[in-house]
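Computed from a prediction, not measured in an experiment: that's the story for all the values here. Residue numbers count from 1 along this sequence. Values below: all heavy atoms of this structure, side chains included; hydrogens, waters and symmetry mates excluded.
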Amino acid sequence: MYVKVLNSLKSFVASDDGVTAIEYGLIAALISVVIITSMSLVGNEVQTTFDTWTNAVHNAVESSQGGGS
């Protein structure tokens, strides 16, 4: 019985599956940070573009109705 437990403990310590999972977790976290950062930068540019188009359409509708502020 003692030998089985000792062999199981040795195989658990020698196993590198946990290390691989940690490495994959770190890689996934790094990729997530890069995606979030890039989306934040692109998001600001997209917001500016939509604001420009919104203002242009708003001004076009107002001028077509013969109105102004």
In Å and rounded to the nearest 0.5 Å, what is the [atom1] to [atom2] distance from [X] to [Y]?
X: Ile31; Y: Ile36; atom1: CD1; atom2: CD1; answer: 12.0 Å
X: Asn44; Y: Met39; atom1: CG; atom2: CE; answer: 12.0 Å
X: Ser64; Y: Asn59; atom1: OG; atom2: CG; answer: 11.0 Å

Single-linkage hydrophobic cluster Leu26~Val34, side-chain heavy atoms < 4.5 angstrom: no
For Val46, the rest of its hydrophobic cluster, which grows through side-chain links under 4.5 angstrom: Val42, Phe50
Given Asp51, Thr49, Asn55, the one that forms side-chain contact (heavy atoms from CB on, under 4.5 Å) with Trp53: Thr49
